[in-house]
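The sequence lines fix the lettering, A, B, ..., with proteins before strands; numbering per chain opens at 1.
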Amino acid sequence: MTTKLFANGLFLLQDFPTELQISVDLSWYLSLSAILFTIGVVGVIIKRNAIAMFMCIELMLNSVNLTFISFSSFFRDVNGQLFVFIVMAVAAAEAAVGLGIIISIFRNRESIDVDDASVLRG
Amino acid sequence: MAIGCAISLVTQRNPLYGAVSLIGVFLSLSALYVLLAAPFIAAVQLIIYAGAIMVLVIFVILLLNVEEEERQPLRLRYLVPTAIFLAGALVAEVTFILYFVQTSPYTPSDPGSSNVGLTSNIGANLMTTYLLPFELTGVLLLMAIVGAMSLAKKMPFLVSAPSRTATGSDAEPIAVTVKLTQASQQEEEEK
Amino acid sequence: MDFDSPLVQTVLKLVAIFAAFTVVLMIVAYTVLAERRVLAFIQGRLGPNRVGPGGMLQPFADLLKFVFKEDIVPDKSTRFIYFLAPIIAITAALMPIIVYPFGPEINLPFIGPVEMVVARFDVALLFVLGVTSVGVYGIALAGWSSNSRYSLMGGLRASAQMISYELALGTALVGVVIQAGTLDLYQIVEQQRGYFGIGGWNIFWFQPIGFLVYLIAAIAETNRIPFDLPEAETELVAGFHTEYSALKFALFFMAEYVNMFTVSMLATTLFLGGWNGPGVEQFPVLGLFYFLIKVIFFLFLYIWLRGTLPRFRFDQLMHFGWKFLLPVAIFNLILTATLALLGWV
């Protein structure tokens, strides 16, 4: 599969994709997306650092983007790509606000370890 | 390469290395989008994710001087193997679905040139069919800007935190985006 | 030779890439020399003129010096990023070169009509913006991995400056895109083929404000005077490349000049008409010549500004970028969009 991807890539150096020749099955892209998503989930559960958790959430969002785009190219439907565009905008907004919150937590608490932020725990 | 970078993100203890591997994930995903005939989204991914969001994350990591994670305390150790096992189960389920379920009878209509990924097509659709989400996204970004600015404002009073001489005593010259040093100096003034 | 087989096409592309990069690196090397000579003339002295005839071999002497210097390496755990940062900087600086159109279709002797651009795709402008966004990492990571508080602050300031001016840069470019209707740089250049090859340039046809905004933002992006506080910190306190010695410092140095060159090429392509000029239809090779002249003009402008203007303070810099330049760029965008709606553009 990597050789097919490489051939696709060389082809693209000359003639950028308005013509799509999918020589790689759709299922490969979907399984890659699933693997990335599960790695993100594992990261969110494992990590104690708030910023690292945030990065794993971004990873999950990206894997979903990959699914959308692979379906959109397979079915020649542009709606997938538009949705990805909006998801990216939402992720950017969430990144700004989320990082602001993390900074505020750090200001108050001098540490961004989420296990220590358990003041509300009953 | 995407999977390698993602695993590196999760296993790295130093969050800065994690951020660098996330940049690697974004770059490889951008390349994949190009292969999927979505050049506009690939470029946008580069600009937004790899170019802006990760710069913000790296700023925050560098400014807050985040240290490496220590080893987990013993009582939570059981979560890690459980998480990996469940993740493996999820992956197994997904591959099972992908390989053994009947492929749909839908085949792409013309395997020739298609207009889908072109910028003009996306732009036209954004402005006509998807106009409402486009405007709402603008409003959402405005809310995010206002929210981030109000979060970063200097608060009039602070909960006194246990002082750490490491961040309090060296007078950093200028805080670029975060008024962190002003906050810690205010703490010292209040004491 | 069968020119449609993928193998031959690939080889041709590789040759084109190699040629383009070699030319760029040679021009960059001589830009360094030119800068030292021109700055010297502005400041009333001569500049390096001993190595070779009139100092023409000076870049090679500098390169030899850099190669033979002692290579200092940190011994803490940041070694990976220490090595990675200059690589990111120079890769992100060199990558956009593949989309610039150097000239019109030229009939090469064996190969037939060849468009003088290495890769032509329809999101070329966004690609350039994206890659320059990635170039910010080179500086931020370099500042961090040097393990000294001052270089960390210098690196953060530099990257804050770069991302602030990226917005104004992008918004200034959108005016050109609205006017041209495409993101493909080759087509943008072709559309500027106007009256005798000069009148159709974008700088005259409705984009003078855009040109000025772009120029200022580009100077800020490449960390040149008057926006080079992150570098001048090298003279004052410390900068993001203090702990770098020998070849890695040479890479940063080259990355800055390649950035300058890239930005000049983008300005030429978008605003000054690329390879357009009088007489290009009859002799397409003149296109290369005109392109080179325009890029050299921009490089000279950079050096001229360096010799003439003082430096901004950092808060003045950020104030200028966010409170003045970005509103002007947005105003330009609204103006261009209105003109496009009215059908005048």
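- In this structure, CZ in B/F26 is found 7.5 Å from CG in A/L59, a value given to the nearest 0.5 Å.
- B/Y33 and A/N62 get closest at one heavy-atom pair: OH-O, 3.7 Å.
- Both the backbone and the side chain of A/V97 come within contact range of chain B, each with at least one heavy atom under 4.5 Å from a heavy atom of that chain.
- When heavy atoms are compared at a cutoff of 4.5 Å, B/A31 does not approach chain A at all.
- The side-chain heavy atoms of B/M54 and A/E58, taken from C-beta on, include no pair separated by under 4.5 Å.
- The two residues B/A148 and A/A96 make their nearest non-hydrogen contact at CB-O, 4.3 Å.
- Here the closest heavy-atom approach between residue A/Q81 and residue B/I41 is recorded as O-CD1, 3.4 Å.
- Residues B/I48 and A/F85 are not in side-chain contact: their nearest non-hydrogen atoms beyond the backbone lie 4.5 Å or more apart.
- With a threshold of 4.5 angstrom between heavy atoms, A/F83 does not approach chain B through any atom at all.
- Heavy-atom distances place the side chain of A/L32, and not its backbone, under 4.5 Å from chain B.
- One finds the CD1 atom of B/I53 at 9.0 Å from the CG atom of A/L99 (value rounded to the nearest 0.5 Å).
- Between B/L29 and A/L36 there is a side-chain heavy-atom pair separated by less than 4.5 Å.
- Note that the CG atom of B/L32 and the OG atom of A/S73 stand 11.0 Å from one another [nearest 0.5 Å].
- The shortest side-chain heavy-atom distance between A/L61 and B/Y49 falls under the 4.5 Å cut-off.
- Residue contact with chain A, scored on non-hydrogen atoms closer than 4.5 Å, involves the backbone and the side chain of B/L56 alike.
- Here the straight-line distance linking atom CG of A/L82 with atom CZ of B/F40 works out to 9.0 Å at 0.5 Å rounding.
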